[in-house]
Amino acid sequence: MKCAFLISAIFALAMSAADAHDYKVGSLEIGHPWTRATPKGATVAGGYLKITNKGQTADRLTAATAAFAPRVEIHEMAMKDGMMRMRPLSAGLEIKPGETVEFKPGSYHIMFMNLKEPLEKGQRIKGTLTFEKAGPVDVEYVVGAVGAPASDRHAH
Ligand SMILES: [Cu+2]
């Protein structure tokens, strides 16, 4: 009995560590990567996260890749001809020293394209972000509900 308690306590600790769900590479902190479950037949999904540059020099997110999406682009939303459209940032996105850039619905996002399988709520899916100076970092995107709102905090 005592042993079972101990195991569950350790498990709870491990779970709360996983819940924090942040990553570090060089002087960059990556907070809370997430995406949304995709409706049947959908082949694209947006990836969202926060990047904070705690260093003294600017860095640049130059690429994102993911095994579950053959094609991944870094997108921004911008007004064009009176309409919000997304477009790829071919040179990536700079994060200045001290700056936090938030990738969120309606703004910057990672675009997962040509999805082979639908994303299902509750999954954790692996991807890699590559920065010009800090290099690559493996992250996991937590899959939220279809149409999950733009939120910094989602239920785990
Ligand atoms: Cu997009």
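Counting starts at 1 for both ligands and their atoms, in listed order. All values below were derived from every heavy atom in this structure, side-chain atoms included, with hydrogens, water molecules and symmetry-related copies excluded.
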* State whether the side chain of His109 and the backbone N or O of Ser107 hold a donor-acceptor pair below 3.5 Å, judged by distance alone. => yes

* Asked: Does a side chain donor of either Thr128 or Asp138 reach within less than 3.5 Å of an acceptor in the other side chain?
  -> yes

* Do the ring planes of Tyr48 and Trp34 sit parallel (below 30°), tilted (30 to 60°) or perpendicular (above 60°)? -> tilted

* Return the orientation label for the Tyr108 and Phe103 ring planes: parallel under 30°, perpendicular over 60°, tilted otherwise. => tilted

* What heavy-atom pair brings Glu99 and Val101 nearest, and what distance separates the two atoms? -> OE1-CG2, 3.7 Å

* Tyr141 (side chain) donor-acceptor with Leu49 (main chain) under 3.5 angstrom -> no

* To do: Sort by chain and number the protein N/O/S atoms found under 2.8 Å from the Cu ion (ligand 1).
  => His75 ND1, Met86 SD, His109 NE2, Met111 SD

